[in-house]
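Take a look at the structure below.
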Amino acid sequence: MTTKKIVLLDGNSLAYRAFFALPLLTNDSGIHTNAVYGFTMMLQNILKEEQPTHLLVAWDAGKTTFRHSTFSEYKGGRQKTPPELSEQFPYLRKLLTAYNIPQYELENFEADDIIGTLSRTASAESAETVVISGDKDLTQLATESTTVCITRKGITDMEMYTPEHIEEKYGIEPLQIIDMKGLMGDASDNIPGVPGVGEKTALKLLKEYGSVEKVYESLDAISGKKLKENLTNNEEQAFMSKQLATIEVNAPLTIGLQDLSYSGPNEEQLTALFKELKFTTLLEKMGVEAEAPEPVEEIEVVTKHKVTNADLSDQMAVHLEMMDDNYLTSDLFGIAMTNGETVFYVPMSDVKEDEELKTWLANPEKQKLTTDAKALYAALAAIDIPVSGIDFDLTLAAYIVNPSLSFDDVSEAAESIGWNGIQKDASVYGKGAKKAVPAEDIIAQHAGTKAVAVWNLQETVSEKLKQNEQYELYHNLELPLAKILGKMESTGVKTDLDILQKIGTELSGRLEFLESTIYEIAGQSFNINSPKQLGVILFEKIGLTPIKKTKTGYSTAADVLEKLAPEHEIIEHILLYRQLGKLKSTYIDGLSKEIHEDGKVHTRFQQALTQTGRLSSINPNLQNIPIRLEEGRKIRAAFVPSEPDWIMFAADYSQIELRVLAHISQDEKLIEAFRAGADIHTKTAMDVFGVAKEDVTSNMRRAAKAVNFGIVYGISDYGLSQSLDIPRKEAAEFIETYLKSFPGVKQYMDDIIQDAKQRGFVSTMMNRRRYLPDITSSNFNLRGFAERTAMNTPIQGTAADIIKKAMIDMDHRLEKEDLQARMLLQVHDELIFEAPPEELEQLKKIVPEVMESALELNVPLKVDSAYGASWYDTK
DNA sequence: AAGTTCACG
DNA sequence: ACGTACGTGAACTTG
């Protein structure tokens, strides 16, 4: 016989919590689902953690309760429930029905009172009870057998209030929580309390006297003139407040514990509801395969082992099918093609032999429409099949329409434009250990549906792009860039394994020594890489004072450790261990594994990923190779030219983001500074600190630099205070002075936020868009984040536009001048090339020239260049 | 799979 | 009162 375990949930409170904790998710029928989703997550968590035998969700019944007859303004002044939440309540009810979880509400009473009454009944039977709410008032219900869990941050993090915990935290008993509320009131419920009495005073009084009644009995003994006066003048209010805060434990319920038994959900109803709400992750967790969308029409895909000229039209959708997402290393299955009439599939072994098909692929006059142009260029280049004339890229087009929709699968890109005809790769090939190559006809069918989707979507998407004035951006910037990036990826960067290994051996030695030093100081061995274990050593064993906390415990991040360094000798060793460990694992071991047989690394540039229009780099990431510290910078010596005696050549934009800001904001002083060729951080320091150029100290320049960074990121006093390690107030003053000095910037910041609110998105100079739905959120955090994004994205995004344009111009120029130099990498504001030494003088002239004239701004763009025998030497 | 940390612009 | 600087990717630990 199992013992009873009763769980009582405060429905309204948890729904609110879920709603505000999560962004406003909308499913495709336009219903908001964030509260239902969050609530479901909480519920699943509770069911798993608590394993209840009995369960109830209590709801607030209506607007007025018996408390309103005591105090008509009870819960007054509250903002009304947002409609986006209200519309979700019916779904919450449905959810609970599907779970077979009893729900209850009672006229004139609040959920609290239902929970209070049931918890007392349960206590009488000494059944173990857990109360869950977001409202701290309920902690008054804690007893030996009743634990009250209050949601903390997010949706699954709870603080458990037992009588012991309350004693520890407040130094009072659970029932005294009522007295505490009586004295201090509760702004959210509009309970007045006693003016001038907050938590501290309330607790002090209660520890001394025990209750509101006792406080008033002992009024004469209370010290503090003002306090005594406030108490005296508000006696009635204090007692009323206490009454309001008291949860009714004898509500006239029409149900009892016997009605609460829980024995699991109705799987069928639950799956149906999750499907309706499009909770695909939850469905997958339940083991229900996400429903493969029905193909719009059954298409016939013919497998051909040889194509004829009759099969090849002037314009065709071409899709290269493979199982892995890394097209540079994956086995290639074959190519599916369609001209809107027939669909055929050619296995790769046949493609390689098919001269007619290869000629067609290489012919720029034959238009190819595809799902991923760069993959087609690069993957086929790797097996010596040149491709030319790609005129449409579905993924790229969908990304330009809305970069926030992330697609790791063509089916998702197609779905974003309303095409549900493609099965997920994961459901065709399986995932994880179950992934396997299916029969050829299945591959052919799958590849065929993708080609068909591309063919059918081309017009719709192009139309959409034209409507948004984004067709230029897509067709004349991103699409040509895809070809260039493909070329860069297949070229690759020669990587000297010997150099990596030499650095690696040295690092291993130092790491071993550091490890033993750390263990010796700590007096024990432990995993230094585990923040959890390290936290125990530093903050419990050694007894250092924690500065910051994370969700899971003490923070041991570098900025925290740096502050602790003077306190204990172990810290500097840990910092060095971390620094060197990072180099070893990510940049020596990780990078070495990525070197292909040709002695090169072939990164892939993600072109349809970032929210701002930047590229990203994976397998390996060559956009974050160390440079700031000399030890790490040495890694760059391993990146060398792929031809004997060639050189590496690098060119980077100087202050491109601040120049873009100067242009966009039209701030006269900023523009003037750049036109005059001034050192922008020094100039900022002169203005912010009001001193002459000669009097700018290095510290002032450092602060000004941080302010400039902050401006670009979308400034906040908190952020700046963190970066400069100064009080927030001082940071706020810096910002104010800055914005007074550069009024055009201030104007821009204000305008762009207004603009984002009005249009729902911000855009770059080349009309790249980023939608910011949170900009109108009532949630302070979400809104703040969206506002900073609104300020930053046009700047970062325009800089991305500019370098992309420069890459296209550069590619043309190298060809026109018939140079052997090859573009290898892009690192956001710099381009890296390899070239024969005889082209050096020409590159020194051409590269900066092309980059500087990529886009005309009302300030000059400035490019610095350097060269050397390795990437390390381009300084 | 999520959280933490740290490398870059 | 809230609690963040903007944009990424990789390695590692832990649940």
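Letters A, B, ... mirror the listed sequences (proteins, then strands); counts begin at 1. Worth saying up front: this structure is predicted, and the values here are computed from it rather than measured.
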Sugar-phosphate only, base, or nothing, as touched by Arg628(A) at under 4.0 Å among non-hydrogen atoms: base

Gap separating the OH atom of Tyr771(A) from the CG atom of Leu405(A), nearest 0.5 angstrom: 9.5 Å

Boundaries of the chain A footprint along DNA chain B (any atom under 4.0 Å from a heavy atom): dG3(B) to dG9(B)

Sugar-phosphate, base or nothing in reach of Ser617(A), heavy atoms under 4.0 Å: sugar-phosphate

Aromatic plane relationship, His596(A) with His602(A) - under 30° parallel, 30 to 60° tilted, over 60° perpendicular: tilted

Spacing of the P atoms in dA7(B) and dG3(C) (rounded, Å): 28 Å

Identified stems (criterion: three or more consecutive Watson-Crick or G-U pairs, under 3.5 Å), DNA chain C: B:1-9 with C:6-14

Minimum heavy-atom distance between Gln611(A) and Leu609(A), given as atom pair plus value: NE2-O, 3.4 Å

Sugar-phosphate only, base, or nothing, as touched by Ile625(A) at under 4.0 Å among non-hydrogen atoms: sugar-phosphate

Distance flag, aromatic centroids of Phe734(A) and Tyr738(A), threshold under 6.0 Å: no

Sugar-phosphate, base or nothing in reach of Asp589(A), heavy atoms under 4.0 Å: nothing

Side-chain H-bond candidate by donor/acceptor type, Thr603(A) with Ser617(A), under 3.5 Å: yes

Sugar-phosphate, base or nothing in reach of Arg783(A), heavy atoms under 4.0 Å: nothing

Non-hydrogen side-chain atoms of Leu720(A) and Tyr718(A) separated by less than 4.5 Å: no

Sugar-phosphate only, base, or nothing, as touched by Ser716(A) at under 4.0 Å among non-hydrogen atoms: base

Phosphate contact (dG7(C) OP1 or OP2) by Thr612(A) side-chain N/O below 4.0 Å: no

Sugar-phosphate only, base, or nothing, as touched by Val712(A) at under 4.0 Å among non-hydrogen atoms: nothing

For atom NZ of Lys584(A) and atom P of dA10(C), their distance in whole Å: 18 Å

Sugar-phosphate, base or nothing in reach of Ala799(A), heavy atoms under 4.0 Å: nothing

Separation of the P atoms in dG3(B) and dT4(C), to the nearest angstrom: 14 Å

Out of dG9(C), dG3(C), dT14(C), whichever nucleotide has its closest atom nearest the side chain of Asn624(A): dG9(C)

Gln533(A) side chain near dT14(C) phosphate (N/O to OP1/OP2, under 4.0 Å): yes

Nucleotide dA10(C), atom P - distance to CG of Leu622(A) in whole Å: 10 Å

Minimum-distance nucleotide (side-chain atoms of Ile618(A) versus dC2(C), dG9(C), dG7(C)): dG9(C)

Heavy-atom pair of closest approach, residues Pro794(A) and Ile664(A): O-CD1, 3.9 Å

Spacing between Met791(A) atom CE and dT4(C) atom P, to the nearest angstrom: 16 Å

Closest approach of Glu489(A) to Phe605(A) (non-hydrogen atoms, all atoms of both residues): OE2-N, 2.7 Å

Sugar-phosphate only, base, or nothing, as touched by Ser723(A) at under 4.0 Å among non-hydrogen atoms: base

Stacking of Tyr718(A) on dT4(C) base (centres under 5.5 Å, planes under 30°): yes

Touch class at under 4.0 angstrom, heavy-atom based, for Leu615(A) against every strand present: nothing

Nearest listed nucleotide, side chain of Thr610(A), among dC2(C), dT8(C), dG9(C): dT8(C)

Main-chain N/O of Thr610(A) paired to Tyr399(A) side chain as donor or acceptor, under 3.5 Å: yes

Separation of dC2(C) C1' from Arg788(A) CZ (nearest whole Å): 12 Å

Atom-to-atom span, CG of Asp186(A) to P of dA1(C) - whole angstrom: 14 Å

Touch class at under 4.0 angstrom, heavy-atom based, for Ile627(A) against every strand present: sugar-phosphate

Side-chain-base donor-acceptor pair under 3.5 Å for Arg728(A) and dG3(C): yes

Sugar-phosphate, base or nothing in reach of Thr556(A), heavy atoms under 4.0 Å: sugar-phosphate

Between dT8(C) (C1') and Gln796(A) (CD): distance, integer Å: 9 Å

Gap between atoms CG and P, on Asn527(A) and dT14(C) respectively (whole Å): 6 Å

Tyr554(A)-Lys532(A) side chain donor-acceptor pair, cut-off 3.5 Å: no

Candidate nucleotides dG9(C), dA5(C), dA10(C), ranked by approach to the side chain of Ala706(A) - the nearest: dA5(C)

Closest approach of Ala651(A) to Val863(A) (non-hydrogen atoms, all atoms of both residues): CB-CG1, 3.9 Å

ring-ring contact (aromatic ring centres under 6.0 Å, His included) involving Tyr170(A) - partner list, sequence neighbours excluded: none

For atom NZ of Lys551(A) and atom C1' of dG3(C), their distance in whole Å: 13 Å

Touch class at under 4.0 angstrom, heavy-atom based, for Gly784(A) against every strand present: nothing

